[in-house]
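Proteins come first, then strands; the chains are lettered A, B, ... in the order of their sequence lines, and each starts at number 1.
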Amino acid sequence: MRVSPATSQRVAVGFMWALAAITFAVLVFILAFILAHGLPHVTWSFLTQSPTSMGREGGIFPMILGTILVAGLAVLVAAPIGVATAVYLTEYTREGRLTAVIRFGADCLAGVPSIIFGLFGFVFFAIALGMGLSVLSGSLTLALMVLPTIIRTSEEAIRAVPYAYREVSFGLGSTRWQTVIHVVLRSAIPGISTGIVLSLGRSISETAAVMLTAGSALRLPRSLFDSSRTLALHFYILAREGISMTNAYATASVLIIAILALNVLSYWLMRRFVAKVGR
Amino acid sequence: MQAPRIVVQGFTACFDGKPAVKNLDLEIFPNERLAIIGPASSGKTTFLRSLNRLNDLDHGFTHSGKILHDGKDIYDADVDVAELRRKIGMVYAVPVPLPWSIYDNLVYGLRLAGIRDRTTLDERVEKALGYAVLWDEVKDRLHEPANVLSGGQQQRLCIARVLVLEPDVLILDEPCSGLDPISTGKIEDALVALKERTSIVLVTNNTKQAARASDRTAFFLLGDLVEVGPTAQLFTKPTQKKTNDYLVGQFG
């Protein structure tokens with residue numbers, strides 16, 4: 001029996017629509033499940049107080065601060081290095097063995113499981129460099145972990161800038177550096193920022209690597225050399241050790257909302273930026 | 001006639017060892033419009049891009065011979081290439097406005113040259129837009145994105161973007177190839193007025209345009225300069241058989 005083109009078309013569209021719907025439904029289900037269990041317990045005092053009795057009581061303020069410090073510092077360290085590497089790879093060298101090696105290295109690094117980064121960070125930053133279990137050890141480890149993402153997304157964004165823009169810029173009397181700053185990076189900012197936001201999200205939600213490097217101290221970090229627990233790790237410990245499922249869900253809700261807010265905010269900023277600079 | 005602005009002496013340009021322009025001798029005078037015609041791969045564009053050293057961006061590019069700009073070889077080691085490109089300004093075949101406002105496109109080169117004063121910038125912008133016959137069309141929307149302009153307007157913007165730097169030589173690489181006859185006419189009119197203040201080198205695939213819009217014409221073929229002379233003479237009484245063959249459409 002032959003199926004008419006119109007029928008196969010309808011079937012194909014219906015099939016793809018169903019698959020897309022399933023993807024979306026899974027996301028909605030996970031979000032709804034966690035938020036339904038956690039959100040009622042997210043109160044002002046939960047956000048602003050320190051935990052007591054291992055997190056069974058009290059709030060998560062030190063973890064919020066710890067997350068901001070560890071993830072923020074990680075991106076602060078990784079972004080300039082990553083963008084500079086991408087600029088070097090695309091604008092300052094010819095394609096050759098060196099660029100191939102750097103790119104291959106970045107790709108390998110991107111595929112390494114985060115627990116391995118954690119182990120390396122523990123041995124190298126915490127022990128060998130004597131930083132101990134600290135915000136600094138944790139953020140430097142995360143910086144290494146997200147570096148390949150930042151390099152590759154920045155590279156893609158820079159490559160997407162038309163070559164003709166560079167020729168025009170040179171033709172108007174600019175140096176290579178001026179062209180990179182005024183034309184290439186300015187046009188590539190939306191793409192580069194996407195990679196950075198992605199990395200920030202990954203840093204915020206990373207658990208294994210920070211457990212081994214930033215530690216899991218419950219108290220408020222007073223300096224970069226203090227141990228600190230991040231939200232993701234706090235959630236893991238609360239759930240894993242059966243301390244308080246209620247507080248675990250509440251912590252997870254805060255984490256999810258923070259990451260959603262981060263994505264929405266960056267999307268909005270990007271739209272504004274693009275509108276202002278012109279397409 | 002005045003002393004030439006550009007003197008090309010025995011200039012050869014190669015890409016990966018293959019010559020694209022061979023042993024070229026040519027002079028470009030102040031206040032003239034020189035058209036360069038010739039079939040594809042005759043070396044016209046390579047020659048143009050050699051004049052402002054844009055070929056340097058190509059890693060396979062090598063050259064020999066000299067191009068003197070006001071007596072100084074532009075390929076000398078002590079030449080400031082950025083400064084040279086401001087003096088010998090180039091307009092490309094496809095108009096490429098940078099993805100900014102009209103105004104930002106126009107002042108970009110000036111800012112690179114270190115000019116920051118707002119009044120100076122505004123004056124130079126207005127003057128350049130006037131020369132490019134675009135001022136009346138954009139004076140009320142200088143801060144709108146440049147890519148909302150039509151193709152012909154964009155190309156005149158690109159010309160103005162170069163003129164704002166007050167170059168000695170304006171080089172144009174088939175600037176009308178994608179434009180309608182009316183836009184083409186406006187650009188040709190602009191060139192007539194512009195030769196009062198700069199030399200113009202116009203590469204074109206359109207021999208009629210060369211006949212209309214130039215004072216002298218050079219005919220390139222496979223990297224060789226076959227013939228150069230006053231436009232009227234070259235088109236009516238070419239001295240070389242190849243020139244005549246090309247003009248009557250025997251090849252190319």
Side-chain angles (χ1 to χ4, degrees), chain A residues 83 86-103 154 156-194 269-279, chain B residues 48-49 51-60 80-115 143-149 154 157-158 160-167 170-173:
Chain A
V83 174
V87 167
Y88 176 75
L89 283 175
T90 49
E91 304 292 316
Y92 281 91
T93 48
R94 296 167 63 177
E95 290 300 312
R97 191 166 292 166
L98 179 69
T99 56
V101 166
I102 295 176
R103 216 167 270 133
S154 302
E156 292 308 314
I158 289 171
R159 264 181 219 292
V161 178
Y163 184 73
Y165 288 4
R166 297 171 175 85
E167 268 197 351
V168 165
S169 177
F170 285 125
L172 293 171
S174 83
T175 61
R176 187 166 287 274
W177 175 246
Q178 287 169 324
T179 298
V180 165
I181 295 294
H182 298 299
V183 176
V184 176
L185 287 184
R186 193 168 155 187
S187 297
I189 277 178
I192 292 173
S193 309
T194 305
L269 281 176
M270 213 49 57
R271 290 262 311 252
R272 273 192 50 139
F273 175 82
V274 171
K276 203 174 127 211
V277 173
R279 190 218 52 76
Chain B
L48 267 202
R49 292 166 63 96
L51 288 177
N52 72 345
R53 293 189 56 175
L54 211 58
N55 284 328
D56 292 14
L57 299 179
D58 192 313
H59 293 290
D80 177 351
V81 181
E83 182 60 32
L84 172 76
R85 289 178 183 150
R86 282 191 270 273
K87 286 283 157 217
I88 301 180
M90 174 143 186
V91 174
Y92 305 84
V94 180
V96 178
L98 293 167
W100 313 329
S101 71
I102 295 168
Y103 185 83
D104 284 344
N105 264 278
L106 290 163
V107 297
Y108 179 58
L110 291 173
R111 285 188 173 144
L112 290 174
I115 298 172
H143 296 281
E144 284 180 28
N147 55 23
V148 303
L149 298 175
Q154 286 187 10
L157 173 69
C158 291
R161 189 169 63 183
V162 171
L163 291 177
V164 85
L165 298 168
E166 297 174 353
L170 177 65
I171 55 183
L172 306 102
D173 186 9

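Contacts between A/Arg166 and chain B at a heavy-atom distance below 4.5 Å are absent for every atom of the residue. If you measure heavy-atom distances from B/Arg111 to chain A, you find no contacts under 4.5 Å at all. Heavy atoms of B/Asp104 lying under 4.5 Å from chain A belong exclusively to its side chain. At a 4.5 Å heavy-atom cutoff, the contact between B/Pro97 and chain A is made by backbone atoms alone. Using a 4.5 Å cut-off between heavy atoms, A/Ser174 touches chain B through backbone and side chain atoms alike.
Panel note: side chain B/Arg86, backbone A/Gly173; a donor-acceptor pair is recorded below 3.5 Å. Side-chain atoms of B/Tyr92 never come within 3.5 Å of backbone atoms of A/Ala164 as a donor-acceptor pair (strictly under, hydrogens ignored).
Of the listed residues (B/Arg53, B/Arg49, B/Arg85, B/Glu83), the greatest number of heavy-atom pairs within a distance under 4.5 Å of chain A belongs to B/Arg85. The choice from B/Leu110, B/Leu98, B/Val164 that makes the most heavy-atom pairs within less than 4.5 Å of chain A is B/Leu98.
Under the rule for a side-chain contact (heavy atoms from CB on, under 4.5 Å), the partners of A/Pro190 that lie at least two apart in sequence or sit in another chain are A/Met270, A/Phe273, A/Val274.
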Run the side chain to side chain contact (heavy atoms under 4.5 Å, CB included) test on A/Tyr163 and B/Val96 for me, step by step, so that the C-alpha distance in whole Å, both residues' side-chain angles and the decisive distance to 0.1 Å come before the verdict. CA-CA 10 Å; A/Tyr163 184 73; B/Val96 178; over 6 Å; no

Step-by-step side chain to side chain contact (heavy atoms under 4.5 Å, CB included) determination, A/Val168 to B/Arg161: CA-CA 10 Å; A/Val168 165; B/Arg161 189 169 63 183; 3.1 Å; yes

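Between the CZ atom of A/Phe170 and the CG atom of B/Leu57 there is a distance of 5.5 Å, given to the nearest 0.5 Å.
Nearest heavy-atom pair, A/Ser169 versus B/Leu112, reported as atom, atom and distance to 0.1 Å: O-CD1, 4.5 Å. Nearest approach of B/Tyr108 to A/Thr179, heavy atoms of both residues: OH-CA, 4.3 Å.
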